[in-house]
Amino acid sequence: MPWPDQENIDEPPEPPAEGDDRTGRLPRARVIKPAAEPEFPAEDDDGHYVPPPPPPLPAADPLTKGAWVALVGGPVYLLITVILDWEVPGWAAFLAVAAFIGGFVTLVLRMGDEPRDGDDGAIV
């Protein structure tokens, strides 16, 4: 009695490469190339708004400069002493906090209530 063909063992297939679909359920990716390069309109500078150069900054008076130094300098001094683990005397900590508060108050009081210019919006 001959051996049935269905029981013959075929050569095992090569193992799939890494990243290949082993189950056959994943979709294949299709690469679609464009028919032609898209045509862009020529670059034209007509109609573009070019703003005028900004006016120079006004010169600050010594009181305003001192207020900014106090506003920034007090907290920076305290931050450096904490980072470097320095011993801070009580009077130095008080002066740093007072400088911050004094600089802030000085800048707010000198700010003024009225607008800087009379312009109230865009001009059409």
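All values below come from the heavy atoms of this structure, side chains included, with hydrogens, waters and symmetry mates left out. Note that the structure is a prediction, hence the values are computed from the model and not measured.
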Verify side chain to side chain contact (heavy atoms under 4.5 Å, CB included) between Ile80 and Trp86, making sure each step is shown before the conclusion.
CA-CA 8 Å; Ile80 289 173; Trp86 289 348; 4.2 Å; yes
Does the side chain to side chain contact (heavy atoms under 4.5 Å, CB included) test come out yes or no for Tyr77 and Val88, once each step is laid out?
CA-CA 10 Å; Tyr77 169 73; Val88 180; 4.2 Å; yes
Evaluate Arg110 against Asp61 for side chain to side chain contact (heavy atoms under 4.5 Å, CB included), listing each step before the verdict.
CA-CA 11 Å; Arg110 292 178 55 89; Asp61 60 314; 2.8 Å; yes
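Taking CG of Leu63 as the start and CG of Leu107 as the end, the distance is 8.5 Å to the nearest 0.5 Å.
Under a hydrophobic-cluster definition in which Ile, Leu, Val, Met, Phe, Trp and Tyr are linked whenever side-chain heavy atoms come within less than 4.5 Å, directly or via other members, Val108 and Ile101 are assigned to the same cluster. Taken together through direct or relayed side-chain contacts under 4.5 Å among Ile, Leu, Val, Met, Phe, Trp and Tyr, Met111 and Trp68 form parts of separate hydrophobic clusters.
Heavy atoms only, all atoms of each residue included: Pro75 and Ala70 are closest at CD-O, 4.3 Å. Nearest heavy-atom pair, Phe100 versus Leu71, reported as atom, atom and distance to 0.1 Å: CD1-O, 3.3 Å. In terms of heavy-atom proximity, Leu78 sits nearest to Ala93 at CD2-CA, 4.1 Å.
Between Val69 and Lys65, every side-chain heavy-atom pair lies at or beyond the 4.5 Å cut-off.
Checking side-chain atoms of Thr64 against main-chain N and O of Ala60 turns up no donor-acceptor pair under 3.5 Å.
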